[in-house]
There are 2 protein chains.
Amino acid sequence: MTELEKGPTGRRRGRGARERIISASQQLFREQGINRTGMDQLCAAAQVSKRTAYQHFTGKDELVAEYLRRFDPSVLSGVFDRTDLTPRERLLAAFDIPPTTPLCPYIAAAVELHDPQHPASQYARDYKEAVAARLADTAREAGAADPEQLGEQLALLIDGAAARTRVLNADAFPTAAAIAAVLIDNAIPATASDDRRREEVSS
Amino acid sequence: MTELEKGPTGRRRGRGARERIISASQQLFREQGINRTGMDQLCAAAQVSKRTAYQHFTGKDELVAEYLRRFDPSVLSGVFDRTDLTPRERLLAAFDIPPTTPLCPYIAAAVELHDPQHPASQYARDYKEAVAARLADTAREAGAADPEQLGEQLALLIDGAAARTRVLNADAFPTAAAIAAVLIDNAIPATASDDRRREEVSS
DNA sequence: TGTTATGTACACCGCCCTGTGTGCTTACGG
DNA sequence: CCGTAAGCACACAGGGCGGTGTACATAACA
C-alpha cells in the first residue's frame, strides 16, 4: 500500500492531498501551536476534506509526528553546509537566525504534548541530538579540545535563546551568540589563523 | 506538600478555599500542564466545589495568572539569600536545582497560552526579568565588569537548561553550570581572592 | 470501457472542556 | 439566638474537539 512516497509533490494519482496537509500543519502548528489547531481548521487550510486527512493519517498524533519529522532540512542544512565560512564562523552562524523564526517547534511540541512517550517527542529528541552532533562535528573541524562538550554547550545556548525569545518576546539570540563566541574561543587551544578576539578581560 | 491552611487571607470565616485552589493549581499545572488540567480535576484536588472556584476567580485565565504570580518565593529566594556563600558561589548555586523540579513553569505557560497579551504571559516576562536583575545584582556584588550582561547571560543559560532538560528528558543543568563557570571567570576582572574552584568535570 | 484508488461534501457521534443556575448546608459574628 | 455569607452538590448548557459513516465525484490505468 501507499507507495506514493515520491518526495516532490508526488503526482502519482491524486493531486497530492497528503503534501497539502503536511504543508498546512507546518504553518498552523507553528503559528498557533498544536493543541490550538483543530483538524477542521487544518483541513480547511489545506483544502482537503476531513475524511481524506484521516485516510492519510490514522490520527492527529501521527500527523504531529510527521510534522516534526519533516523539519531538519529547512533549518539544519542551511547553516552547516556553507563552505564559504570557516568552521568557527559556521558555529556562530547558527545563531544568526532570521527574525521570521517564531520558535523551535520541538520545544513547543515537547511542552504541548507533555508525553515523553509520544512519537513526536521522540523525533524532538532525535532532532536535538542531531543538531548537537553536527555542532560537535563542526567544533571538531574547528579544532576544539572537546568537540562533544562544545557542541552540547552551543546546542544549549540555541535552546536557551529560543525559549527566552518566546517568553520575553524579544530576540535573545545576540546574547547567545556572545556567549558562544566566548565558549568557542575558550575551547580552541590556540588558533592564530582565525580572527578570534583575544579577550584581555576588560582592560 | 500542601500546607495550605491559614494563609494571611483567612481573615474571613470561610475555611480558605481560595488558598486550596491556588495550592492545587500550583501542583497540577506544574505536573500536567495548564491545558491538560481541567477545572473539574482541579476542584476535586483542591476539595473545593466548582461553584466556589468560579466565585473566587472569574475564569481559568485569572487562576492561571494568579498561579504564575505566586511563584517567585519558592524558587527565587532560596538561592540569592544564602549568606553562607560568596557571590560567585551564589551565581553558580542557581544551577544546582533539585531533580524534583520539572520545568520552569513560565516557559511552559508561554508556550501553552500562546498569547503574549495574556496577563499570565506578562507575569512570566516580569519574573524572567526579575531573575535576570537579581543575577545582575549578584554579579555586580561579585565584581563583574558588566553585571547586566552577565546576568542576562546566566538567565539565558538557566532557560536553556530548563528547555533542554524538558525536551531531552535528561538533566542539562550541569552543562549550563559549566558554561556559567566560564562566563563568570571571564567576566570578573581578576579575582585576587582566588576562590575559584577546580574545574567541574562536565559530562 | 470499467475498475480501483483517491478525494470530496456533509452530517453526525461521543467526549471533555469552561462556565452557570439552583437549592442546600455550614460556620461564624453579633 | 438568628442572619448572613461562605461553601457545597448536582445538574446542565454551549461549544470545540477528534474521529467516523455514507454517498458521490474524479483521475489513472487496464
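Keep in mind that this is a model prediction, so the values were computed, not measured. Protein chains get the first letters and strands the later ones, always in sequence-line order, with residue 1 at the start of each.
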Practice task
Supply the atom-to-atom distance B:H118 NE2 to B:E112 CD, rounded to the nearest 0.5 angstrom.
Solution key: 11.0 Å
Practice task
If the plane angle is over 60° it's perpendicular, under 30° parallel, otherwise tilted; pick one for A:Y67 and A:F29.
Solution key: perpendicular
Practice task
Quickly work out the A:I21 CD1 to C:dT6 P distance and round it to whole Å.
Solution key: 13 Å
Handout entry: Whole angstrom value for the distance that separates P of C:dG21 from CD of B:Q55
Key = 11 Å
Practice task
Provide, to the nearest angstrom, the distance between the CZ atom belonging to B:R36 and the P atom belonging to D:dC17.
Solution key: 15 Å
Exercise for the section: Look up atom CE in B:M39 and atom SG in B:C43, then write down how far apart they are to the nearest 0.5 Å. Expected result: 5.0 Å
Exercise for the section: May I ask you to test the A:T138-A:F80 pair for a side-chain heavy-atom distance under 4.5 Å? Expected result: yes
Handout entry: Nucleotide C:dG19, atom C1' - distance to CG of B:D61 in whole Å
Key = 12 Å
Practice task
Please work out if B:T37 contacts a base, only the sugar-phosphate, or nothing of the nucleic acid, heavy-atom cut-off 4.0 Å.
Solution key: sugar-phosphate
Exercise for the section: Kindly indicate whether the side chain of B:R88, heavy atoms from C-beta on, has any atom under 4.5 Å from the side chain of B:D185. Expected result: yes
Problem - Nearest-angstrom distance from the residue atom CG of A:N35 to P of D:dC17 - result: 11 Å
Exercise for the section: Look at A:H56 and C:dG7 and indicate whether a side-chain polar atom (N or O) is within less than 4.0 Å of OP1 or OP2. Expected result: yes
Handout entry: Rounded interatomic separation in angstrom, taking CD from A:E62 and C1' from D:dG19
Key = 14 Å
Exercise for the section: Figure out the CG/P separation between B:L42 and C:dC17, and round it to whole Å. Expected result: 12 Å
Handout entry: Under-4.0 Å side-chain N/O to phosphate OP1/OP2 contact, B:Y54 with C:dG19
Key = yes
Practice task
Tell me, with the steps shown, if A:R70 and A:E66 meet salt bridge (charged side-chain N to carboxylate O under 4.0 Å, His left out).
Solution key: CA-CA 6 Å; A:R70 296 213 187 174; A:E66 190 69 10; 3.2 Å; yes
Handout entry: Nucleic acid contacts - residues 113-124 of chain A versus DNA chain C, non-hydrogen atoms under 4.0 Å
Key = none
Practice task
Please determine if B:D126 and B:R69 form a salt bridge, counting it only when a charged side-chain N lies under 4.0 Å from a carboxylate O.
Solution key: no
Handout entry: Contacting residues from residues 44-52 of chain A, given that a heavy atom lies under 4.0 angstrom of DNA chain C
Key = A:Q47, A:V48, A:S49, A:R51, A:T52
Practice task
Take atom CG of A:D40 and atom C1' of C:dA9, then tell me their distance rounded to the nearest Å.
Solution key: 13 Å
Tell me which donor-acceptor pairs under 3.5 Å the side chains of residues 147-160 of chain B have, and how far apart each pair is, sequence neighbours excluded?
residue, atom, partner, partner atom, Å
B:E148, OE2, B:R140, NH2, 2.5
B:E152, OE2, A:R164, NE, 3.0
B:D159, OD1, B:K128, NZ, 2.6
B:D159, OD2, A:R164, NH1, 2.6

Practice task
Would you indicate which nucleotide in C:dT18, C:dG7, D:dT20 comes nearest to any side-chain atom of B:M39?
Solution key: C:dT18
Exercise for the section: Assess whether atom CD of B:Q55 is packed by more than 12 heavy atoms of other residues, nucleotides or ligands within 6.0 Å. Expected result: yes
